[in-house]
Visitor: 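Following this message is one structure expressed as structure tokens.
Atoms within a ligand are numbered from 1 in the order they appear, just like the ligands themselves. No experiment lies behind these values; they were computed from the predicted model shown.
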Amino acid sequence: MTAQLIDGNALSKQLRADVARRAAALRARGITPGLAVVLVGENPASQVYVRNKVKACEDSGLHSVLEKYPATLSEADLLARVDALNKDPAIHGILVQLPLPAHIDAHKVIEAISPAKDVDGFHVASAGALMVGQPGFWPCTPYGCMKMLESIHYDLKGKHAVVIGRSNIVGKPMALMLLQKNATVTICHSATKDLKAMTLQADVIVAAVGKRNVLTADMVKPGAVVLDVGMNRNDEGKLCGDVDFDGVKEVAGYITPVPGGVGPMTITMLLVNTLEAAERG
Ligand code: NAP
């Protein structure tokens with residue numbers, strides 16, 4: 001069996017076209033959706049991420065502001081910037097790129113963002129809203145995974161979903177979203193005793209670990225849907241996921257590639273969240 005590919009670039013293109021249409025409609029009413037991206041320090045990966053986010057905004061007709069600060073910026077000064085952005089009517093979404101330098105308490109900074117502008121969905125209020133099924137911003141990466149499942153018209157009701165990884169930004173919110181769609185959800189992590197025994201039962205597997213080949217073909221039930229969130233480098237320095245793509249694609253029903261899978265969807269959902277923040281006014 002050869003799995004069907006869920007193409008994150010193609011799906012992103014569709015969704016971003018819709019964002020651009022809705023942004024144009026808002027602009028016609030005098031509102032330009034605005035995202036502020038705050039980067040502290042010189043982390044090379046973060047610099048690439050923020051550049052991609054700002055470019056995606058520009059391409060979709062959203063206004064974006066990139067604020068770059070040296071790694072020496074004090075926590076108090078960063079909190080003051082977040083406060084100013086909270087009050088800025090031209091800004092509908094605020095994203096503080098993580099990781100932050102060690103002297104800054106990232107949790108404190110995220111909690112300082114107004115929940116109405118928390119387009120990354122990392123604020124405790126956003127996490128709580130997801131937990132109790134109330135409206136709020138969903139974290140972009142698991143939200144993108146849900147859109148990928150929606151794109152193949154996958155009905156999660158009664159299906160067994162196994163999420164590998166329990167981070168606050170991917171694994172845990174992913175599990176809650178799948179649960180909300182009536183899947184039976186198992187969350188695995190580094191202390192899980194027999195990962196293969198869990199994944200072999202799964203109709204849907206989401207791998208969000210950050211280690212190559214965490215999921216291999218012998219761990220996948222034939223026909224399962226496999227979503228690969230991981231971003232790693234292989235021996236040749238090329239981007240790869242957590243899933244042994246070449247092996248697993250022979251067993252799975254659907255699979256997401258890396259690159260070109262969940263990655264572009266994450267940025268797309270940031271645009272969607274920013275647009276929705278502006279629409280909510
Ligand atoms: P994280 O905070 O490091 O969490 C990794 C999770 O994997 C933890 O819950 C950890 O368990 C678990 N784990 C580690 N080794 C394991 C093993 N051998 N078996 C089962 N579980 C194991 O990472 P994250 O922020 O969630 O990100 C995960 C991956 O996704 C990374 O590669 C990251 O770069 C990527 N990512 C991609 C996107 C995208 O847009 N594509 C966005 C965000 C993240 P414990 O909790 O027990 O330590």
Visitor: Run the side-chain donor-acceptor check on residues 31-39: report pairs under 3.5 Å with partners two or more places apart or on a different chain.
Guide:
none

Visitor: N/O of Met231 under 3.5 Å from N/O of ligand 1, yes or no?
Guide: yes
Visitor: For ligand 1 and Lys211, I'd like to know whether there is a polar contact (N/O to N/O, distance under 3.5 Å).
Guide: yes
Visitor: Thinking salt bridges, do Asp83 and Lys87 make one under a 4.0 Å N-O criterion?
Guide: yes
Visitor: What is the closest protein heavy atom to atom 29 (C) of ligand 1, and at what distance does it sit?
Guide: Gly210 N, 3.6 Å
Visitor: Can Arg212 and Asp235 be counted as an ion pair, charged N to O under 4.0 angstrom?
Guide: yes
Visitor: Looking only at non-hydrogen atoms, find the nearest pair between Ala23 and Gly61 and report the distance.
Guide: CB-O, 4.0 Å
Visitor: Nearest protein heavy-atom contact for atom 40 (O) of ligand 1: which residue, which atom, what distance?
Guide: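 Among all protein heavy atoms, the one nearest atom 40 (O) of ligand 1 is Thr266 OG1, 2.7 Å.
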Visitor: What are the atoms of ligand 1, with element, lying closer than 4.0 Å to any heavy atom of Gly165?
Guide: 6 (C), 7 (O), 9 (O)
Visitor: For atom 3 (O) of ligand 1, which protein heavy atom lies nearest, and how many Å away is it?
Guide: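 I find the closest protein heavy atom is Val209 O, 4.2 Å.
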Visitor: Taking only heavy atoms of Gly263, which atoms of ligand 1 are found under 4.0 Å from at least one of them?
Guide: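 So the answer, numbered in order with elements, is 40 (O), 41 (N).
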Visitor: Of all the non-hydrogen atoms in the protein, which one sits nearest to atom 25 (O) of ligand 1, and at what distance?
Guide: Ile169 CD1, 3.6 Å
Visitor: Compute the minimum heavy-atom distance from Gly230 to ligand 1 and say whether it is under 4.0 Å.
Guide: yes
Visitor: Atom 24 (P) of ligand 1: which protein heavy atom is closest, and how many Å away?
Guide: Ser167 OG, 3.7 Å
Visitor: Start with the C-alpha gap between Lys108 and Glu111, add the side-chain angles, then the distance that decides, and say whether salt bridge (Lys or Arg N to Asp or Glu O under 4.0 Å) holds.
Guide: CA-CA 5 Å; Lys108 205 166 161 185; Glu111 290 311 291; over 6 Å; no
Visitor: Which atom pairs, donor and acceptor, lie under 3.5 Å between side-chain atoms of residues 257-267 and protein residues at least two apart or in another chain?
Guide:
{"unit_1": "Thr266", "atom_1": "OG1", "unit_2": "Thr141", "atom_2": "OG1", "d": "3.0"}
{"unit_1": "Thr266", "atom_1": "OG1", "unit_2": "Val262", "atom_2": "O", "d": "3.2"}

Visitor: Any atoms of ligand 1 less than 4.0 Å from a non-hydrogen atom of Ile164? List them with their elements.
Guide: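 Those atoms are 20 (C), 21 (N).
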Visitor: What part of Thr141, side chain, backbone, both or neither, has a heavy atom within less than 4.0 angstrom of ligand 1?
Guide: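 The answer is the side chain of Thr141.
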Visitor: To check you understand the geometry: which heavy-atom pair defines the closest contact between Ser12 and Thr268, and what is its length?
Guide: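 For Ser12 versus Thr268, the nearest heavy atoms are OG-OG1, 2.8 Å.
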Visitor: So which heavy atom on Ala202 is nearest to which on Lys221, and how close?
Guide: O-CE, 3.6 Å
Visitor: Would you mind checking which non-hydrogen protein atom is closest to atom 8 (C) of ligand 1, with the distance to 0.1 Å?
Guide: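 The closest one turns out to be Arg166 N, 4.0 Å.
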Visitor: Would you call Ile6 and Leu227 a side-chain contact if the rule is heavy atoms closer than 4.5 Å?
Guide: yes
Visitor: On a heavy-atom basis, which atom in Ile255 and which in Ala3 lie closest, and how many Å separate them?
Guide: CG2-CB, 3.8 Å
Visitor: State the atoms of ligand 1, each with its element, that fall below the 4.0 Å cut-off from a heavy-atom position in Ala208.
Guide: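 Checking each atom against Ala208, I get 5 (C), 6 (C), 7 (O), 28 (C).
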Visitor: Please state which part of Met265 comes within less than 4.0 Å of ligand 1, counting heavy atoms only: side chain, backbone, both or neither.
Guide: neither
Visitor: Applying a heavy-atom cut-off of 4.0 Å, say which part of Thr192 lies close to ligand 1: side chain, backbone, both or neither.
Guide: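 Neither; no heavy atom under 4.0 Å.
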Visitor: Looking only at protein heavy atoms, which one is nearest to atom 20 (C) of ligand 1, and how far off is it?
Guide: His189 O, 3.3 Å
Visitor: Could you identify the single nearest non-hydrogen protein atom to atom 45 (P) of ligand 1 and state the distance to 0.1 Å?
Guide: Ser190 OG, 3.4 Å
Visitor: Side chain, backbone, both or neither: which part of Val214 comes within less than 4.0 Å of ligand 1 when only heavy atoms are counted?
Guide: neither
Visitor: Taking the side chain as C-beta and beyond, is there a heavy-atom pair between Tyr69 and Asp77 under 4.5 Å?
Guide: no
Visitor: Under 4.5 Å between any side-chain heavy atoms of Thr186 and Val163, yes or no?
Guide: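 Answer no - side chains too far apart.
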